[in-house]
Amino acid sequence: MTDTPTQLFIGGAWVDAADGATMAVDDPATGEILCHVADAGPKDAQLAEDAAVTAQEKWARTAPRARSEILRRAYEIIVERTDELAHLMTAEMGKPLAEARGEVAYAAEFFRWFSEEAVRIDGGHATLPDGRNRMLLSRRPVGPCLLITPWNFPLAMGTRKIGPAIAAGCTMVLKPAPQTPLSSLALAAILKEAGLPDGVLNVVTTSRAGEVCEPLLRGGRIRKLSFTGSTGVGRLLLAQSADAVVRTSMELGGNAPFIVFEDADLDKAVDGAMVAKMRNMGEACTAANRFFVHTSVVEEFGRRLAERMGALVVGPGTRDGVDVGPLIDRNGRGKVEELVADAVERGARVLVGGRTPEGPGCFYPPTVLTGVDPGSRLMDTEIFGPVAAILTFDDEDEVVRRANDTPWGLVGYVFTEGLDRALRVSERLEVGMVGLNTGLVSNPAAPFGGVKQSGLGREGGRVGIDEFLEYQYLAVPVG
Ligand code: NAP
């Protein structure tokens, strides 16, 4: 912690906020203050934008191999420092160290992946159908970007945006979530060490997100917004981006259905449920939010899931043997408590958990609810906590209709041993990603993203870099 930067990173230098403001970073396991970091205001954001705009032209002309090698070096440094970064992440975010190490590996992989993509940006050449003109097609960086990230994956949500932006030749202003600024600041230090030129990445930590970001979006110099966070904030930022017609990528909230058919392998389904529900204490956009289980297997599934959930050890993420750390803050836990209370009032049965423990920290126990009423609030709210809500269904058409009956469409999970049904149901689900007999879909080599109000665009995979590139077409007469 002692070496972790706590200032703003602007134009390659570590600086205080212009007005000297700082904000506290809390440890969610104890509620105590870990440290203070600079709290940027609009003036700092403008300086960060100046630095990004100034660096853009030269950076766009940098050889793709040079950009690739910076990412590759940063990948190697991150992997080398896995333990240090994992401890930092656990301190500010709360996830158990084993999960934090997993996130460091996942985050680093975006840099390795995009170091490989940086040298594969291609164009095209064709004689047009009229035979009189040639078309030369090239791809250009979109320009200075504003990147806004949430607190739930403090390192990976950054690298998933910074990796393709560097590969494409874009400069950036990154605004991380105020709960977890330290991982982003550590990442900026690593990129500087890896040789990233000054001004290419600028980081503004702030408790005044709206005041800091809105002028950048409306000002006309930022050409791209890449946002990960809730659908409500995404909608607001889309509106703010409209004035200057800023290109946007939106990775928003989810409300994932987890469907267990009568022919599912229940061992696989319960294993899948543990991952889809409990990764990151349930604080993931991909978290299974609604478990639809066929009436004929619901009792067995519920019993087995409750047994596994009840065996998980809850405690501070730094303690050996802990499976479930604290939730991010009191607000986050309060929301989970309210959603469970509402479901229970409407008749849900608590198979395990459901009671907030006494003492400091924002802990909440792994909880399984069964017999959940479809009108319960948690059916159309992201629970963002370790609560599995089970409902029943009787036939395929019915479950597909209910799974799709939501404004979100990020991911769905389907458990069945029938190939025809697996493909048919997956194709009918209105989602950007499907986990078929698995509870984990995230992978840097696959396009991550949703449909409907879960977002616009994709991150990762071969297409991830497209979000940061524009086409330019040159018309050249055939001589
Ligand atoms: P959030 O409240 O929407 O905040 C996300 C980021 O936006 C934070 O940095 C936040 O800063 C900032 N922000 C909020 N209001 C803003 C404004 N007016 N202008 C500029 N920035 C603003 O979401 P969260 O609670 O941090 O994260 C949880 C949400 O993220 C969930 O809905 C989850 O599903 C979603 N998520 C989606 C994905 C995906 O890939 N689809 C991945 C991870 C998380 P402040 O906190 O200071 O307001």
Side-chain angles (χ1 to χ4, degrees), residues 23 25 37 39-42 45 92-93 103 106-107 110 146-161 173-181 183-184 203-218 222 225-241 246 248-256 279-289 327-329 331-332 335-336 380-385 406-411 431-433 441-444 446-461 464 467:
M23 60 182 185
V25 182
V37 299
D39 187 357
E92 65 177 351
M93 190 276 171
E103 184 181 335
Y106 175 54
F110 283 105
L146 174 61
L147 314 177
I148 302 180
T149 53
W151 48 263
N152 59 346
F153 292 98
L155 204 61
M157 295 302 95
T159 59
R160 202 164 77 169
K161 298 181 188 308
V173 176
L174 168 67
K175 192 218 78 68
Q179 295 94 332
T180 56
S183 297
S184 296
V203 184
V204 287
T205 52
T206 181
S207 65
R208 296 171 272 176
E211 276 174 64
V212 158
C213 296
E214 189 171 355
L216 302 196
L217 288 175
R218 294 194 193 274
I222 288 292
L225 165 66
S226 178
F227 171 74
T228 298
S230 60
T231 297
V233 173
R235 216 177 270 129
L236 177 81
L237 297 177
L238 277 170
Q240 292 177 2
S241 302
V246 174
T248 59
S249 305
M250 294 274 150
E251 294 289 346
L252 308 177
N255 185 11
R279 178 169 177 242
N280 223 38
M281 289 87 74
E283 292 172 318
C285 52
T286 50
N289 213 54
L327 296 183
I328 188 68
D329 52 27
N331 283 345
K335 180 179 138 194
V336 174
D380 58 11
T381 312
E382 273 187 295
I383 302 171
F384 245 57
T406 167
W408 288 287
L410 188 61
V411 60
V431 290
M433 302 174 287
V441 295
S442 306
N443 189 303
F448 188 103
V451 300
K452 293 157 81 177
Q453 295 188 26
S454 285
L456 299 167
R458 293 292 180 271
E459 288 190 326
E467 303 285 334

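Only this structure's heavy atoms are used, side chains among them; waters, hydrogens and symmetry mates stay out. Just so you know, ligand 1 is whichever comes first in the structure, and atom 1 is the first atom listed for that ligand. Worth saying up front: this structure is predicted, and the values here are computed from it rather than measured.
- When each atom of ligand 1 is checked for a heavy atom of Leu237 under 4.0 Å away, the hits are 19 (N), 20 (C).
- The distance from ligand 1 to the heavy atoms of Trp151 drops below 4.0 Å at these ligand atoms: 24 (P), 25 (O), 26 (O), 27 (O).
- Salt-bridge formation is detected for the pair Lys161/Glu459: a Lys NZ or Arg NE/NH1/NH2 atom is positioned less than 4.0 Å from an Asp or Glu carboxylate oxygen.
- One option in Ala284, Gly210, Ala256, Ser230 has a heavy atom closer to atom 17 (C) of ligand 1 than any other, and that option is Gly210.
- Protein non-hydrogen atoms do not reach within 4.0 Å of atom 4 (O) of ligand 1.
- Which parts of ligand 1 touch Gly253 is read off a 4.0 Å heavy-atom cut-off, strictly below it: atoms 32 (O), 34 (O).
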Determine all donor-acceptor pairs shorter than 3.5 Å in which one atom belongs to a side chain in residues 148-156; sequence neighbours excluded.
| from | atom 1 | to | atom 2 | distance (Å) |
| --- | --- | --- | --- | --- |
| Asn152 | ND2 | Glu283 | O | 3.2 |

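- Heavy-atom proximity to Thr228, at under 4.0 Å, picks out these atoms of ligand 1: 5 (C), 36 (N), 37 (C), 38 (C), 39 (C), 40 (O), 42 (C), 43 (C), 44 (C).
- Interface of Leu236 with ligand 1, defined as ligand atoms under 4.0 Å from a residue heavy atom, comprises 18 (N).
- The closest approach between Gly455 and ligand 1 stays at or above 4.0 Å for every heavy atom of the residue.
- Looking at ligand 1, you'll find an N or O of Lys175 within less than 3.5 Å of one of its N or O atoms.
- Of all the listed residues (Thr286, Leu252, Asn289), Leu252 holds the heavy atom that lies closest to atom 37 (C) of ligand 1.
- Close N/O approach between Thr149 and ligand 1 is found [any backbone or side-chain N/O within under 3.5 Å].
- The closest side-chain heavy-atom distance from Phe448 to Glu251 is below 4.5 Å.
- The closest protein non-hydrogen atom to atom 39 (C) of ligand 1 is Cys285 SG, 3.2 Å.
- The residue from Thr180, Leu217, Thr205, Ile148 that puts a heavy atom closest to atom 12 (C) of ligand 1 is Ile148.
- Ligand-side atoms of ligand 1 in range of Arg160: 39 (C), 40 (O), range being under 4.0 angstrom from any heavy atom.
- When only interatomic distances are considered, the shortest N/O to N/O separation between Glu382 and ligand 1 falls below 3.5 Å.
- Here Phe227 has side-chain heavy atoms under 4.0 Å from ligand 1, and that is the only part of it that gets that close.
- Distances below 4.0 Å separate heavy atoms of Asn152 from the following atoms of ligand 1: 43 (C), 44 (C).
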